[in-house]
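Taking it in order: structure first as structure tokens, then the write-up.
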Number of protein chains: 2
Amino acid sequence: MSESVKVAAADTPLSDLAPDVFSAQCESRGVLEHVVSRWGVLVLAALLDQGTQRFSALRRRIGGVSEKMLAQTLQTLERDGMLVREAKPVVPPHVEYTLTPLGEQAARQVWALARWTGEHLPEVLAARAAYDTRRNGTA
Amino acid sequence: MSESVKVAAADTPLSDLAPDVFSAQCESRGVLEHVVSRWGVLVLAALLDQGTQRFSALRRRIGGVSEKMLAQTLQTLERDGMLVREAKPVVPPHVEYTLTPLGEQAARQVWALARWTGEHLPEVLAARAAYDTRRNGTA
DNA sequence: CAGCATCCCCGCTGATACTG
DNA sequence: CAGTATCAGCGGGGATGCTG
């Protein structure tokens, strides 16, 4: 795979590119869910940010993950080819996780999205306030 | 909207841009979840693809949504300022939904991500096969 | 240290039925 | 047509405890 992520060539009719996303059993939907899942986003982001890291480093980095969910998320992403797990055969186990090129592409996209939401949070918050006012009456 | 969504400017240290995404109570995480939720993605995509649409049109378009989930999703996205709901006061109710500029930006990003996963599905599937073999099969 | 197994809860989700 | 209300089921996700 190359390097740039190539996004937003959205003048092409959307339905031509992926007509099936709207169908209930679209397989790529599952992949997307993994990638944008609660912890998936953060694992990818952390790995993109800091590069190769061990389990405990990730756990410390990502506020609020349980061991279970971290392990589960890592497994899923490994299975999807987004990252590589390398277990060094030493006495205190030492396992490192690294993004694959594929995973890096995903991570960049996800990260961009996360950053975008962060940047536009004020607008969202304003919209919410307006909406709530409209509903609850005077407020 | 201008043209490109500007993604993958990831040479900037990630943590500088949004240090708080990793904290458990990051507000933008919620917005992200709404946007990339199962039906959120599809609603945004449908609206980006076809423009303003009514409730029933969306329902028909998006395979497998229940009325409840569609209504819920639309409400959430409206509250977040991603789309506008316009109810025409006619006897058989007629309600139209349209993306806001903000929502259109979101939709493009989400759509790009969806498309990316679609394009790279073969790689993911291959990775999965390899992973499963490593675990069950010959391994 | 890494991570699997178990238990358990609650929130998302869908099916059904009712209203404006 | 476009919702809201209610109920029931399933699975995500956390806490705990145990292994290599």
Side-chain angles (χ1 to χ4, degrees), chain A residues 23-25 29-43 46-47 52-79 83-98 131 134-136, chain B residues 23-26 29-43 46-47 52-80 83-98 131-132 134-136 139:
Chain A
S23 102
Q25 54 277 41
R29 198 186 277 183
V31 181
L32 183 58
E33 303 261 319
H34 294 162
V35 160
V36 300
S37 71
R38 188 150 137 88
W39 305 118
V41 181
L42 299 176
V43 166
L47 249 23
T52 300
Q53 278 168 89
R54 342 186 12 181
F55 186 89
S56 49
L58 286 169
R59 182 145 160 61
R60 248 173 286 115
R61 183 81 198 285
I62 301 175
V65 228
S66 63
E67 281 182 5
K68 179 187 170 185
M69 289 318 296
L70 182 54
Q72 200 175 94
T73 304
L74 287 168
Q75 267 191 37
T76 305
L77 292 177
E78 188 198 359
R79 196 171 102 98
L83 51 83
V84 173
R85 190 190 108 114
E86 191 180 0
K88 307 195 170 182
V90 292
V91 179
H94 185 106
V95 184
E96 290 186 339
Y97 295 89
T98 312
Y131 181 91
R134 238 177 294 143
R135 291 220 133 197
N136 294 339
Chain B
S23 102
Q25 54 277 41
C26 171
R29 198 185 278 181
V31 181
L32 184 58
E33 304 261 319
H34 294 163
V35 160
V36 299
S37 71
R38 178 142 191 241
W39 305 118
V41 181
L42 299 176
V43 167
L47 250 21
T52 299
Q53 277 167 91
R54 342 185 14 178
F55 187 88
S56 49
L58 286 169
R59 182 146 160 60
R60 249 174 286 115
R61 183 80 198 285
I62 301 173
V65 228
S66 62
E67 281 182 5
K68 179 186 168 187
M69 289 317 297
L70 181 55
Q72 199 175 94
T73 304
L74 287 168
Q75 269 192 33
T76 305
L77 292 178
E78 188 198 358
R79 195 171 103 100
D80 285 359
L83 52 83
V84 172
R85 190 190 107 114
E86 190 180 1
K88 307 195 171 184
V90 292
V91 178
H94 185 105
V95 184
E96 292 186 338
Y97 294 90
T98 312
Y131 181 91
D132 293 345
R134 238 176 293 142
R135 291 218 136 197
N136 305 331

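So that the names make sense, note that chain A is the first sequence line, chain B the second, and so on, each numbered from 1. Fair warning: this is a prediction, and the values are worked out from it, not measured in the lab.
The list of salt bridge (Lys or Arg N to Asp or Glu O under 4.0 Å) pairs with a residue in residues 69-79 of chain A, not counting sequence neighbours, reads A/Glu78-B/Arg134, A/Arg79-B/Asp132.
Rounding to whole angstrom units, NE2 of residue B/His94 and P of D/dG3 are separated by 11 Å. In this structure, the CZ atom of B/Arg85 is 12 Å from the C1' atom of D/dC1, given to the nearest Å. Between B/Leu58 atom CG and D/dA2 atom P the separation is 9 Å, expressed in whole Å. Rounding to whole angstrom units, CD of residue B/Glu78 and C1' of D/dA2 are separated by 14 Å. At whole-Å resolution of the value, CZ in B/Arg59 and P in D/dG3 are 12 Å apart. Regarding B/His34, its NE2 atom lies at a distance of 14 Å from the P atom of C/dG11, rounded to whole Å. Put simply, CG on B/Leu74 is 14 Å from C1' on D/dC1, counting in whole angstrom units. In this structure, CZ of A/Arg60 is placed 13 Å from C1' of C/dA2, rounded to the nearest angstrom.
Not one side-chain nitrogen or oxygen of A/Arg54 sits closer than 4.0 Å to the OP1 or OP2 atom of C/dC1.
Using a 4.5 Å cut-off on side-chain heavy atoms (C-beta onward), B/Ile62 and B/Val65 make contact. Within the 4.5 Å cutoff, side-chain heavy atoms of A/Met69 are placed close to those of A/Gln72.
Among the protein residues, B/Glu96 comes within range of no part of the nucleic acid, since none of its heavy atoms lies under 4.0 Å from any strand.
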Between the protein and nucleotides 13-17 of chain D, which nitrogen or oxygen pairs are less than 3.5 angstrom apart?
from   : atom 1 : to      : atom 2 : distance (Å)
D/dG13 : N7     : A/Lys68 : NZ     : 3.2
D/dG14 : OP1    : A/Arg38 : NH2    : 3.4
D/dG14 : OP2    : A/Ser66 : OG     : 3.4
D/dG14 : N7     : A/Lys68 : NZ     : 3.2
D/dG14 : O6     : A/Lys68 : NZ     : 2.3

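B/Arg54 pairs by the salt bridge (charged side-chain N to carboxylate O under 4.0 Å, His left out) definition with nothing, not counting sequence neighbours.
The backbone N or O of B/Ala87 lies less than 3.5 Å from no partner atom in the side chain of B/Glu96, so there is not a single donor-acceptor pair.
In this structure, B/Ala71 and A/Pro93 both approach DNA chain D, and ranking their closest nucleotides by distance from the 5' end singles out B/Ala71.
Separating the OH atom in A/Tyr131 from the CZ atom in B/Arg85 is a distance of 8.0 Å, to the nearest 0.5 Å.
Checking B/Thr52, B/Thr98, B/Leu74 one by one against B/Leu83, the side-chain contact (heavy atoms from CB on, under 4.5 Å) holds for a single residue, B/Leu74.
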